[in-house]
Amino acid sequence: MARILAIDYGGKRTGLAVTDPLQIIATGLETIESRELIPYLKKYLAAETVELIIIGLPKNWDETDTHGTPLVQAAIKKIQKEFPSIPLKTVDERYTSKMAKDAMLEMGMKKKDRRVKGNVDVIAATIMLQEYLGQF
């Protein structure tokens with residue numbers, strides 16, 4: 001089977017997570033600079049079979065756009081243009097960063113490691129992906 005890739009896109013950094021080939025477990029892949037997303041995906045997708053990309057779409061509780069929504073929408077267009085054969089779905093990303101920070105505390109991660117913002121991004125992508133898998 002093919003993997004599912006999750007993207008937590010941000011203005012500076014992007015967190016990535018991926019499933020195992022059986023699509024049972026979500027695992028953090030890494031955090032990259034957002035401007036490197038397309039080159040990174042080109043390399044990754046050449047090496048791994050991915051059947052679906054999910055990306056967190058930031059929305060306020062009243063469903064209005066946040067300041068980050070246009071950035072994500074632009075990234076979606078670039079991804080769809082570069083990889084038209086791979087379906088892309090948006091998922092709700094509300095509270096994933098807070099959940100990631102809470103998870104880091106629960107894991108006993110040291111304070112200096114919790115301050116590394118890239119850790120939050122990759123854990124947030126993992127949470128989004130695990131929640132997506134839990135829907136089925």
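We number each residue from 1, following the sequence as shown. What you see is a predicted model; the values in this text were computed from it and never measured.
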For this session: Please list, chain by chain and in numerical order, all residues satisfying side chain to side chain contact (heavy atoms under 4.5 Å, CB included) with V91, sequence neighbours excluded.
Result: I54, M128, Y132
For this session: Please name all residues satisfying side chain to side chain contact (heavy atoms under 4.5 Å, CB included) with K77, sequence neighbours left out, ordered by chain then number.
Result: none
Problem set entry | Pairwise side-chain contact, L16 with Y44, heavy-atom cut-off 4.5 Å (strictly under) | no
Problem set entry | Residue pair L71 / Y9: nearest heavy atoms and the distance that separates them | O-CE2, 3.7 Å
Problem set entry | Same apolar cluster (I L V M F W Y, side chains within < 4.5 Å links), I38/L45 | yes
Problem set entry | Gap between atom CD1 of I53 and atom CD of Q80 - 0.5 Å precision | 9.0 Å
Problem set entry | Within residues 14-23 or reaching into it, pairs that qualify as side-chain hydrogen bond (donor to acceptor under 3.5 Å, both in side chains) - sequence neighbours excluded | T14-S34, Q23-E51
Problem set entry | Rounded distance (nearest 0.5 Å) linking atom NZ of K59 with atom OG1 of T69 | 5.5 Å
Problem set entry | Close side-chain approach of L29 and Y40, heavy atoms under 4.5 Å | yes
For this session: Only counting residues at least two apart or in another chain, list the ones meeting side chain to side chain contact (heavy atoms under 4.5 Å, CB included) with T64.
Result: N60, D62
Problem set entry | Contact check, side chains of I86 and L5, non-hydrogen atoms, under 4.5 Å | no
Problem set entry | Over all atoms of both residues, closest heavy-atom pair of L52 and K89 | CD1-CG, 3.9 Å
Problem set entry | Which atom of G15 lies closest to which atom of A125, heavy atoms considered | O-CB, 3.5 Å
Exercise. Of all residues at least two apart in sequence or in a different chain, which pass the side chain to side chain donor-acceptor pair (under 3.5 Å) check with T49?
Worked result: none
Exercise. Any idea which heavy atoms bring P58 and T66 closest together, and the distance?
Worked result: CB-OG1, 3.3 Å
For this session: May I have the step-by-step check of side-chain contact (heavy atoms from CB on, under 4.5 Å) for L133 and I24, ending in yes or no?
Result: CA-CA 7 Å; L133 292 173; I24 297 170; over 6 Å; no
Exercise. Rounded to the nearest 0.5 Å, how far does CG of L129 lie from CG of D8?
Worked result: 11.5 Å
Problem set entry | Minimum-distance pair of heavy atoms, taken over all atoms of I76 and T90 | CD1-CG2, 3.6 Å
Exercise. Taking the side chain as C-beta and beyond, is there a heavy-atom pair between I79 and L37 under 4.5 Å?
Worked result: yes
For this session: Just jot down the side chain to side chain contact (heavy atoms under 4.5 Å, CB included) partners of T27, sequence neighbours excluded, or say none.
Result: I25
Problem set entry | Result of checking R3, K42, K43 against E48 for salt bridge (Lys or Arg N to Asp or Glu O under 4.0 Å) | R3
